[in-house]
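Only this structure's heavy atoms are used, side chains among them; waters, hydrogens and symmetry mates stay out. Every chain is numbered from 1, with letters handed out A, B, ... down the list of sequences.
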2 protein chains.
Amino acid sequence: MTSLNKITDFRRPVAINLANRPTASSCDDCGARRHGLCDALSDDEVGFLARAAQHVSLQPNTVFIEEGEAALYFYNINSGNVRLFKSLPDGRRQITGFAGPGHFLGLAATTKNMFSAETMEPVKLCRFSRSSIAAVFEEFPVLERKLLDVAMHELVLSQQQMLLLGRKTAIERIASFLLSWAERLEICASGALPKPNVSMPLPLSRTDLADYLGLTIETVSRSLSNLKREGLIDIPNIHEIILLRPQALSDIAEAAV
Amino acid sequence: MTSLNKITDFRRPVAINLANRPTASSCDDCGARRHGLCDALSDDEVGFLARAAQHVSLQPNTVFIEEGEAALYFYNINSGNVRLFKSLPDGRRQITGFAGPGHFLGLAATTKNMFSAETMEPVKLCRFSRSSIAAVFEEFPVLERKLLDVAMHELVLSQQQMLLLGRKTAIERIASFLLSWAERLEICASGALPKPNVSMPLPLSRTDLADYLGLTIETVSRSLSNLKREGLIDIPNIHEIILLRPQALSDIAEAAV
DNA sequence: CGGATCATTGATACTAGTCAAGTCACGTGG
DNA sequence: CCACGTGACTTGACTAGTATCAATGATCCG
């Protein structure tokens, strides 16, 4: 807690501008209308919700939630992906997760943000003030149920990630990540393996990958090269991975004995 | 997912026995009556809740939730502490958190348990079947609000733990842990430092500590010895730590620059 | 007192980090 | 169209921090 204002000393983000307001005031064509929270509401209810929201467009690499700052807003992402992370004063960074369309951010019942959030691509989101959200919950208790479901799932994911960060080797982390990423992209069902030879976009940079998996970019690169050399994956280009042998990846990821 | 049934091959737990039923059918003298979920309810409501619950007493080191098993029950802890963990087939273990009186376990909306839970001491808890809980939520929507608050706080804690596991050195992990443990014991307010020279019980074994911090017991022991040699802590006995210089600990924990 | 268990300390090994050089892809401008 | 520059990635050589292996010490309990 000593000097959190320093955490952006490196990797300086694009200056934030939340002033540029509504582009789409209707929710009908919103990318998140059928996802996440809004999916739990009727059209009328979403209309009510929309009147409490400000619609914001953000450029790539914009930090719109900064750890330690006053938590004035909640956010519901409409389009684009963001990374969530925590940093140490000396610049070390841990990405704790990713959030896409339908994800709801900033709900912790604290007055300060407990993590930072940065766009990875152009992002559109709805912003709610903390005061307005209380009324929304009052109006739609179903939202709490929905948020509880989401939060429990996030907890499951973070427990998996703790096992990965605390106990897995570099190659196990990479293999685990590739399979969980396939699940996230819905290339395969939760808990199931993708079919051999499926191709998968990987929009993350090696730096993001390293900061998510608790490794360095060099180790990430070497581990990917190893998996490629062993014929478990192919890497046609930086942002695409082909899972040649998912079962073998799984054996590594789960340390099968 | 290859051979989860092997995870208890070592560290074999005491055989579980959930058959020994009610000791206290009244909630009045329950250790959790003024904590966690039950604190959010009136006496009448708790009475209703109690009729849906089975009261269970467990011996120390009893695994009562096993990862991969069918998730038939929810649990509310009344007294005693438990460790939550995930394991790899070769025995590596990551403790993902601890739960005490008032904590609610097993809520994830999956049909299989996504983690294991083991008592650390004699534990009393209330057990609810998954079917009964739906009715309870129907009856008391306030519980969902409460659970959401708890879940969000758990998420904050697990993000902190991910930063620790992914990016902190051994000595930083130990220093961070000692301060967060002081917070958990309410020796100091959340985010604040304890006063110098406060004594703190540490009921964890070195093995638990290592499995929680992603280290080995040897590294835990060495790091504690270092902190003692440097005069930041004292260790009068294995299960007690005196925080001589909390500010210095914090400087290490947060990597102050 | 003896044995078991857990913790500490020491010596060594190994994984992943650091430092540095080289490669590749891409966009710009001559 | 190609030279150049930039940034991201890969690969190699070496180092450092933590794990592993092993021995010793402390504590508890019968």
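Rounding to whole angstrom units, CG of residue A/L164 and P of C/dA16 are separated by 12 Å. One interatomic measurement links the two molecules: CG of B/D211 to P of C/dA7, which rounds to 12 Å at whole-angstrom precision. The distance between atom CZ of A/R92 and atom P of C/dA16, rounded to the nearest whole Å, is 18 Å. In this structure, B/L202 places its CG atom 16 Å from P of C/dC6, rounding to the nearest Å. Protein atom CG of B/L227 is 16 Å distant from nucleotide atom C1' of C/dT9, rounded to whole Å. With rounding to whole Å, A/L165 atom CG is found 14 Å from C/dA16 atom C1'.
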Exercise for the section: List the steps and the verdict of ring-ring contact (aromatic ring centres under 6.0 Å, His included) for B/Y212 and B/F98. Expected result: CA-CA 9 Å; B/Y212 184 51; B/F98 301 96; 4.9 Å; yes
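Of the inter-residue distances, the one linking B/L157 atom CG with B/L164 atom CG reads 12.0 Å to the nearest 0.5 angstrom.
Considering every non-hydrogen atom in both B/G100 and B/N81, the closest pair reads CA-OD1, 3.3 Å. A pairwise comparison of heavy atoms in B/N197 and B/I242 identifies O-CG2, 3.6 Å as the closest pair. Closest heavy-atom contact between B/L179 and B/P194: CD2-CD, 4.1 Å.
Listed by chain and residue number, nothing satisfies the ring pair (Phe, Tyr, Trp, His ring centres under 6.0 Å) test with A/F104 (two or more places apart in sequence, or in another chain).
If you check the side chains of A/S87 and A/E67, you find no donor sitting under 3.5 Å from an acceptor. Side-chain N/O atoms of B/E66 and B/N113 include no donor and acceptor closer than 3.5 Å.
Inter-axis angle, ends of the helix from C/dC1-D/dG30 to C/dG30-D/dC1, five pairs per end, rounded to 10 degrees: 20°.
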Handout entry: Nucleic acid footprint by protein, nucleotides 8-19 of chain D - heavy-atom cut-off 4.0 Å, B for base, S for sugar-phosphate alone
Key = -SBBBB----SS
